[in-house]
Amino acid sequence: MELQRPRGTRDFLPDEMAKRRYVENKLREAATRWGYGEIKTPTFEHIELFTLKSGEGILGEIYNFKDKGDREIALRPELTAPVVRMYVEELQRSPKPLKFFYFDNCFRYERPQKGRFREFFQFGVEIIGSARPESDAEVIALAVEMLERAGVRGDLHVGHLGIVRALMKEIQPEHQSKIMRLVDKKDDKGLEEFLDELQIPDELRGKLFRLIGLRGENAVHEARELVGDIEAMSQFEALLDLLDVYGLEYQVDLGIARGLDYYTGMVFEIYCEGLGAQNQVCGGGAYRLAQLFGGEDTPSTGYAIGFDRIMEVCKVEYQPQIRVAVICFDDTRKEAIKITKELRDAGFITYLDLMGRKFRDQLTHINTIDNARYEQVIKLYGGMENTELEQTYAIIVGTDELKAGKYTFKEMGSGQQTLMMDLEIISRLKEETKKLNDTMEGKRILSA
RNA sequence: GCCUGGGUGGGGUAGCUGGUUAUCCUAUGGGACUGUGGAUCCUACGACUCGGGUUCGAAUCCCGACCCGGGCCCCA
């Protein structure tokens, strides 16, 4: 093996891609139905886009280089900043709110681990132009729906940075972010030391510790007692009300701080079992970045799903297929190409020998590739589920058949075969396809 | 950035208390069985991650790099 892929990157083979695309489409479907439009931004951007406000955490992880025009370029480590840049650059006068979704690769120079790669994929959603609790709630509800559709169960935690920040309004902003970082790490000791250093009065310190420790049922009431009747507080309460309307299960957690510095209001994270230390599958919140990028101050809210992580834990079913292999002889290859084209035009997955194999070996080969696929199915889906619904058909193109203007239609599972005309074959295959789809639909309804 | 386990043909493995041509299974290409499949047989292809060191001799012992896995940190 001479060459290999760079550390932390992956190749995706056809069967795995099929599974990824399937899940991706589930997420797309959700976003589309909620009225979000897909966007795409460049793979690389000027590095300032990310150094401006993403926070120290990200800086050391950026993949950057100088291009031939001596510009400092960075491969995007995340997608929120590019989306806001795009908004500022060309969409500021568009009717609000703007609702976007994206699915793309990002790059971070980190130590690879379970659910962590140097090139990884994020599926994200942003609402630009609304600061209302309705937007925050919609975004959270959509995130939960997406995960559900992908067959992922997670724990939803919701917090609000405005509340914590209100308590710290006397403290300098850069000290605030440092405090938030310590809060996020749950590093109580470090936090205590830092507060000592800043000579924070005991009263405030006590309030802060109590606030970030608040969880669950009474968290809201207690928070209100601590910070008083501020706007962030009523916003947060309005948000929680809406989450109840959406029927979501959540845990209030005012200790969520997020690693990126640009969040200002609502923040949420969703955690999952089975991913080791990388248990966060989704994170997001409300932020204000537009002004920083030279636009008018514009409230936004959004989140990103760690696509690779949900692929590790998601429970999806293998999608069985009807497939057809055209089998021919040396003297019927041209006729075989014709019927193959007909079948493909009719929409069927159709194989044709490309190796000049003999009749017998072509049949053998069908089994060989089926078996190889089933091996992958076991690996990717954890079992042979739904493969029994799958059927492979062979269309035999021989001189005997051609004389009659027909083909031999052979069911590989049972070995049964009949002489049929092309149109008969097509309608039979359509029937089988419909049967398969109905069965799958039935299973979906049953499991729902 | 820190801690930790591991790298033998494409996949799975034996060898790893140093000693001939590195074992077996599977996959792949070709062939036999000459228009009916998952079998069998023949044949071809194919590996000790890389670089140093110890030694008469290294897949085997030591060091480093690279890669993979796991745990921190951080995040998705």
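Naming convention: chains lettered A, B, ... in sequence-line order (proteins, then strands); numbering from 1 in each chain.
A:Arg116 has a carboxylate O that lies under 4.0 Å from a charged side-chain N of A:Glu110, or vice versa, which qualifies the two as a salt bridge.
Closest contact between the side chain of A:Arg7 and the listed nucleotides B:C67, B:G35, B:G38 involves B:C67. When distances are taken from the side chain of A:Arg116 to each of B:G35, B:C67, B:C73, the shortest belongs to B:C73. Here the side chain of A:Thr368 is nearest to one of B:A27, B:G37, B:A76, namely B:A27. Distances were taken from every side-chain heavy atom of A:Gln417 (C-beta onward) to each of B:U36, B:G35, B:G30; the shortest belongs to B:U36.
B:U40 and B:C33 are spaced 9 Å apart, taking the C1' atom of each and rounding to whole Å. Nucleotides B:U13 and B:G9 are separated by 11 Å at their C1' atoms, to the nearest Å. Remark: the separation of the C1' atoms in B:C45 and B:C50 is 24 Å, to the nearest Å.
OP1 and OP2 of B:A76 both lie 4.0 Å or more from every side-chain N or O belonging to A:Gln122. Contact annotation: A:Arg360 does not reach the phosphate of B:C33 (side-chain N/O to OP1 or OP2, under 4.0 Å). Between A:Arg111 and B:G70 there is no side-chain N or O to OP1 or OP2 distance below 4.0 Å.
Ring centroid separation for the pair A:Tyr36 and A:Phe100 does not come in under the 6.0 Å cut-off. The six-membered or imidazole ring of A:Phe307 lies away from that of A:Phe121, with a centre-to-centre distance of 6.0 Å or more. Ring pair A:Tyr271/A:His157: centre-to-centre distance below 6.0 Å.
When heavy atoms are screened at a 4.0 angstrom cut-off, A:Gly115 is found touching base atoms of the nucleic acid. Within the nucleic acid shown, A:Cys106 has no heavy atom closer than 4.0 Å to any nucleic acid atom. Residue-level contact check: A:Glu401 touches the bases, meaning some heavy atom is under 4.0 Å from a base atom. Counting any heavy atom pair closer than 4.0 Å across all strands shown, A:Tyr109 reaches no nucleic acid atom. Residue A:Ile396 is in base contact, counting any heavy-atom pair closer than 4.0 Å across all strands shown. Contacts of A:Arg357 with the nucleic acid, taken as non-hydrogen atoms under 4.0 Å apart, involve only primed sugar atoms and P, OP1 or OP2.
Mapping A:Gly8 and A:Phe307 onto RNA chain B via the closest heavy atom, the residue that lands nearer the 5' end is A:Gly8.
Across all strands shown, B:G5 forms a Watson-Crick or G-U wobble pair, both distances under 3.5 Å, with B:C68.
With hydrogens and angles left out, the side chain of A:Thr399 and the base of B:G35 share a donor-acceptor pair within 3.5 Å. No donor-acceptor contact under 3.5 Å links the side chain of A:Lys358 to the base of B:U34. With hydrogens and angles left out, the side chain of A:Glu110 and the base of B:A76 share a donor-acceptor pair within 3.5 Å.
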The test is side-chain hydrogen bond (donor to acceptor under 3.5 Å, both in side chains); show your working for A:Asn386 and A:Gln319 and say whether it passes.
CA-CA 7 Å; A:Asn386 295 339; A:Gln319 302 298 305; over 6 Å; no
